[in-house]
Amino acid sequence: MKRLNWAAAALGLVALSGCVAPVGPVEVTRFHVPDTAALGKGTISVEPAAGSDGSSLEWKTYQVAVMRQLVLLGYSEAAPGQGAQVAQLRFSRGTFQPERSGSSVGVGLGGSTGSYGSGVGLGIGINLSPRPAAQVQSDLAVVIRDRASDTALWEGRASFAVRSSSPLADTALAAPKMAEALFKDFPGQSGETIEVR
């Protein structure tokens, strides 16, 4: 009886793990000025970068996620158009279909000789694996500028791809994850690309 319960529990865990979508790392690249003393303090507002629609619901979701991280770093939130610094935000999302790797048909030819004779064989293999799942690619970019001089003090980009069926393909879940990864260990090593899990 105990063996049956153990098997049922193991089967349940396997089934449960199949429901959880795989989560890939967030790729992050950051650049900043040599003197970072002005970063992480003072007042700041999050505003749309040039060409971004700051009125969309998706943009506002990223705005909230980015502002939350900036406040955690030591900034004080300012109204749009106000603040000593401005974080200019841009994001994009798109779906793409990965290609299946390798050929779908393979042919192999083999031969052998031995004390019992020789032989030649031909084998054909067909790749029956399903087509790879569609992926959702999300990209987030933030530039922190000194408002008075318009000098860029810090710039960061984060990129994240998950299956389209993953809960993290949804903006409401992806935005906080990407913003947290982007500002991890702020200001970061200038020019270095890291992967944040």
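Remember, it's a predicted structure, so these values are computed and weren't measured experimentally.
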Quiz item: Who passes side chain to side chain contact (heavy atoms under 4.5 Å, CB included) against Ala152, sequence neighbours left out?
Solution: Val143, Arg145

Practice problem: Could you state whether Trp59 and Val86 fall into the same hydrophobic cluster, counting links through intermediate Ile, Leu, Val, Met, Phe, Trp or Tyr residues with side-chain heavy atoms under 4.5 angstrom apart? | Solution: no

Self-check item: Joint cluster assignment, Phe91 & Val136, ILVMFWY side-chain distance < 4.5 Å
Solution: no

Quiz prompt | Listed partners of Ala87 passing side chain to side chain contact (heavy atoms under 4.5 Å, CB included), at least two apart | solution = Ile44, Val46, Leu70, Val142, Ile144

Quiz item: Can you list the residues that meet the salt bridge (Lys or Arg N to Asp or Glu O under 4.0 Å) rule with Glu27, with sequence neighbours excluded?
Solution: none

Quiz item: Can you list the residues that meet the side chain to side chain donor-acceptor pair (under 3.5 Å) rule with Glu155, with sequence neighbours excluded?
Solution: Arg157

Practice problem: Check for a donor-acceptor pair, side chain of Trp154 on one end and backbone N or O of Pro187 on the other, with a separation under 3.5 Å. | Solution: yes

Quiz prompt | Contacts of type side chain to side chain contact (heavy atoms under 4.5 Å, CB included), residue Ser55, not counting sequence neighbours | solution = Asp53

Practice problem: Not counting sequence neighbours, which residues clear salt bridge (Lys or Arg N to Asp or Glu O under 4.0 Å) with Arg90? List them please. | Solution: none

Quiz item: Do Phe183 and Leu72 come within less than 4.5 Å of each other through their side chains, counting heavy atoms only?
Solution: no

Practice problem: Could you state whether Met178 and Leu89 fall into the same hydrophobic cluster, counting links through intermediate Ile, Leu, Val, Met, Phe, Trp or Tyr residues with side-chain heavy atoms under 4.5 angstrom apart? | Solution: yes

Practice problem: Only counting residues at least two apart or in another chain, list the ones meeting side chain to side chain donor-acceptor pair (under 3.5 Å) with Asp146. | Solution: Ser149

Quiz prompt | Interatomic distance, Leu73 atom CG to Phe186 atom CZ [nearest 0.5 angstrom] | solution = 5.5 Å

Quiz item: Can you tell me how far the CD atom of Gln85 sits from the OG1 atom of Thr151, to the nearest 0.5 Å?
Solution: 10.5 Å

Self-check item: side-chain contact (heavy atoms from CB on, under 4.5 Å) evaluation trace for Arg147 with Ser45
Solution: CA-CA 10 Å; Arg147 190 179 295 277; Ser45 65; 2.8 Å; yes

Quiz prompt | Partner residues of Tyr75 under the ring pair (Phe, Tyr, Trp, His ring centres under 6.0 Å) criterion, sequence neighbours left out | solution = none

Practice problem: List in chain and number order the residues that pass side chain to side chain contact (heavy atoms under 4.5 Å, CB included) with Thr61, two or more places apart in sequence or in another chain; answer none if no residue qualifies. | Solution: Thr171, Ala175

Practice problem: Verify, without hydrogens or angle tests, whether Thr43 (side chain) and Ala84 (backbone) share a donor-acceptor contact under 3.5 angstrom. | Solution: yes

Self-check item: Interatomic distance, Leu182 atom CG to Phe160 atom CZ [nearest 0.5 angstrom]
Solution: 13.5 Å

Practice problem: Answer with yes or no whether the hydrophobic clustering places Ile194 together with Phe31; edges join I, L, V, M, F, W, Y residues whose side-chain heavy atoms lie under 4.5 Å apart. | Solution: no

Quiz item: If every non-hydrogen atom of Ala134 is compared with every non-hydrogen atom of Thr95, which pair is closest and at what distance?
Solution: CB-CG2, 4.1 Å

Quiz prompt | Sub-4.5 Å side-chain heavy-atom contact between Ser52 and Tyr62 | solution = no

Quiz prompt | Set of residues satisfying side chain to side chain donor-acceptor pair (under 3.5 Å) with respect to Gln137, sequence neighbours excluded | solution = Asp139, Ser159

Self-check item: Sequence neighbours excluded - side-chain hydrogen bond (donor to acceptor under 3.5 Å, both in side chains) pairs with any residue from residues 29-38
Solution: Thr29-Thr193

Quiz item: To the nearest 0.5 Å, how far apart are CD in Gln82 and CD in Glu47?
Solution: 9.0 Å

Exercise. Using the rule that two of Ile, Leu, Val, Met, Phe, Trp, Tyr join whenever any of their side-chain heavy atoms come within less than 4.5 Å, decide whether Leu173 and Val64 are in one cluster.
Key: no

Practice problem: Provide the full list of side-chain hydrogen bond (donor to acceptor under 3.5 Å, both in side chains) pairs with a residue in residues 180-191, sequence neighbours left out, each pair given once. | Solution: none

Self-check item: Minimum heavy-atom distance Gln135-Ala161, with the two atoms named
Solution: OE1-C, 4.1 Å

